[in-house]
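Both backbone and side-chain heavy atoms feed into the values below; hydrogens, waters and symmetry mates do not.
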Amino acid sequence: MKSALFLIALCFVFSHLASSQEIIKPAALGFDVVKSAIAHGSIDTVSYNSVTVGTNRKALIYTPPGYSKDKKYPVLYLLHGIGGDEKEWLNGGHPEVILDNLYSENKVEPMIVVLPNGRAMKNDRATGNIFDKEKVEAFATFEKDLLNDLIPFIEKNYPVIKDAEHRAIAGLSMGGGQSLNFGLGNLDKFAWVGGFSSAPNTKKPEELVPDPAKAKQQLKLLWISCGDKDGLIGFSQRTHNYLVTNNVPHIFYVDHGYHDFKVWKNSLFMFSQLIFKPVDVAFFAQISNVGRPAESNIRSAKYPQILPDGHAVFRIKAPEAQKVQLDLGKKYDMVKNVEGVWETTTDSLSEGFHYYSLIIDGVAVADPSSESFYGMGRMASGFEVPFKGDAYYEIRNVPHGDIRIKNYYSNVTNSWRDFYMYTPPGYDQNTTEKYPVLYILHGGGEDQRGWATQGKTNLIIDNLISQKKAVPMIVIMVDGNLPLNGFGGETLVVFEKELKQSVIPFVEKNYRVKTDANSRALAGLSMGGIQTLYTGVKNTDLFAYLGVFSSGWIQPMQKDIADSQYEFMKNNADKINGNLKQFWISQGGKEDIAWKNCQTMIAKFDEMKIKYTYSEYPGGHSWPVWRNNLFNFAQQLFK
């Protein structure tokens, strides 16, 4: 009987330990902000004698809040990259702030953190050619300096626990490679190993882990992380693949980002919460695939979440609802838990921007946890699935222009209307400079907000201007919706009048813009592409640049309009070719719903010998395609 009770109790304990393993999640906003009302650790500089290098070397030491020499601590050795030194983490990542905040929430074990200089040579400063052979080799030499000089110094002068289970090593970039090389190469010294965006100095997986069984036995945690847009991700990926093949438990976390401290700070935030604690390898896969709140979530909303594998998780609390679905084009049934929260996980989603709605007992509504966007002819929720190629519309540390909203009275529609307007960096300061103008048009079911919000026009142009790939320009995002229905000829006639008689005169009267045709461009997507075709081709004395994105005359619905335009183009081919500096036509590949109509149209252009540039970017009829269209078209303008 006693044996049975003991077994039951033992099973309960193990069950409780397994179920209590916390799934570490990515850092929330504010994780790296100093909080004055909490206890803080200390950062000190120490000097130790390095027999390996033959000189005294410096390191930084972080001791936790409440540090006492009467208590013994585990130690994390945290390494910098090839362009840094012992202060790189302090200056760029502020680990002391991250750890202080985690201590205040009881999420990390008290530990000492050592930030050494991983360039083991007498002149170990990150000056001159940091890729010099001698300096690169010094990063490998640091293994001997670490094991024979620095660790003994720390263990002599600080109250630390001196075994592998209480010693961790992690680092960023070059330091990530060092951490994997030194940690996995010295399993008797380190039971906790983390490589953040590990650099090419990382050994091949077969050399890192020649004995997978030994690694499984001795490692407590092997953490590998990298940004999805990091050009060095291949080194982390190959290590991960080898470890999977050889059944070595590890966490492989792919963050959304580049080779920078945004990724590395989050890696430290997550890694530090796992070390020097009981771990359950059964949860490694869940941590590897933990989601990030979508960038379009309202402040502090945790859902929707985007998973590293491209799936997305949605939640909504609706305890009285009888049926809830997620509508992403495809409908997903959501499942309710005991707290009245409905949840579903999508299939793997394509890159870029997605509209969605929640259908609650048959009524389609916007998600209260998400920003809303005007699309599909109504306000709808939306989110981004990030991908490696979206760097050109990331917000960067470059000069930024402004998005403005301007009301104007239209004598064509006899009503007040508005447009969105991008002005480039320096517009308000350079008061004598005049700028060329791109007039850009949205698609059906959207409005003038589309190019500013879903299209990210300001970020695309800011980044291009900063790289000198585009000239500073003003972009006018026009409302192409008029008090007339459909895509008929009358609607197009009114749009042409609105643009020529209301919008352009208002812009040229109220803003510092150039007023010649060579300084005007007109472009649009889908419905806006049709408006561009109708208005632009007939007015090449006004516009020297035309851009038609995912569009073409809709057959057979617009056959009469198309035939009329083709007749005009045939009779004015020389004028059109002479006036237009760029007639840029693009599609989202064969999956674009406008692709067939476009092919029919450009075949007619070829017959008439109309000059144009044709481009395709895969992605169908979607915002990732149109953002890419703007990115490429803008580089052709006003040069």
Residue pair Trp626, His621: steps toward the ring pair (Phe, Tyr, Trp, His ring centres under 6.0 Å) verdict: CA-CA 8 Å; Trp626 305 325; His621 209 71; 5.1 Å; yes
Glu498 and Ser410: side chain to side chain donor-acceptor pair (under 3.5 Å), yes or no, with the steps? CA-CA 7 Å; Glu498 174 69 5; Ser410 168; 2.6 Å; yes
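Using cut-offs of 30° and 60° on the angle between ring planes, the pair Phe419 and Tyr408 is tilted. By the 30° and 60° cut-offs, the orientation of the rings of Trp553 relative to Tyr534 is perpendicular. Classified by interplanar angle (parallel below 30°, tilted 30° to 60°, perpendicular above 60°), the ring pair Phe583/Phe605 is tilted. Between Tyr439 and Phe543, the angle of the ring planes goes over 60°, which puts this pair in the perpendicular group of the 30/60° scheme. Taking the six-membered ring where the residue is Trp, Phe633 and Trp584 present tilted rings, their angle falling between 30° and 60°.
For Asp390, the salt bridge (charged side-chain N to carboxylate O under 4.0 Å, His left out) criterion is met by Lys229, not counting sequence neighbours.
Side chains of Asn579 and Thr540: a donor-acceptor N/O pair is present below 3.5 angstrom, by distance only. Asp462 and Tyr422 share a side-chain donor-acceptor pair at under 3.5 Å. Side chains of Arg449 and Tyr374: a donor-acceptor N/O pair is absent below 3.5 angstrom, by distance only. Under 3.5 Å, the side chains of Tyr614 and Gln599 contain a donor-acceptor pair of N or O atoms.
Atom OG1 of Thr535 and atom CG of Leu492 lie 7.0 Å apart (nearest 0.5 Å). Here the CZ-CD1 distance, from Arg404 to Ile474, works out to 8.0 Å after rounding to the nearest 0.5 Å. From Thr453, atom OG1 reaches atom CZ of Phe373 across 6.0 Å, with rounding to the nearest 0.5 Å.
Applying the 6.0 Å contact sphere to NZ of Lys509 captures no more than 12 heavy atoms from other residues, nucleotides or ligands.
Between Phe383 and Phe314, the distance separating the two ring centers is shorter than 6.0 angstrom.
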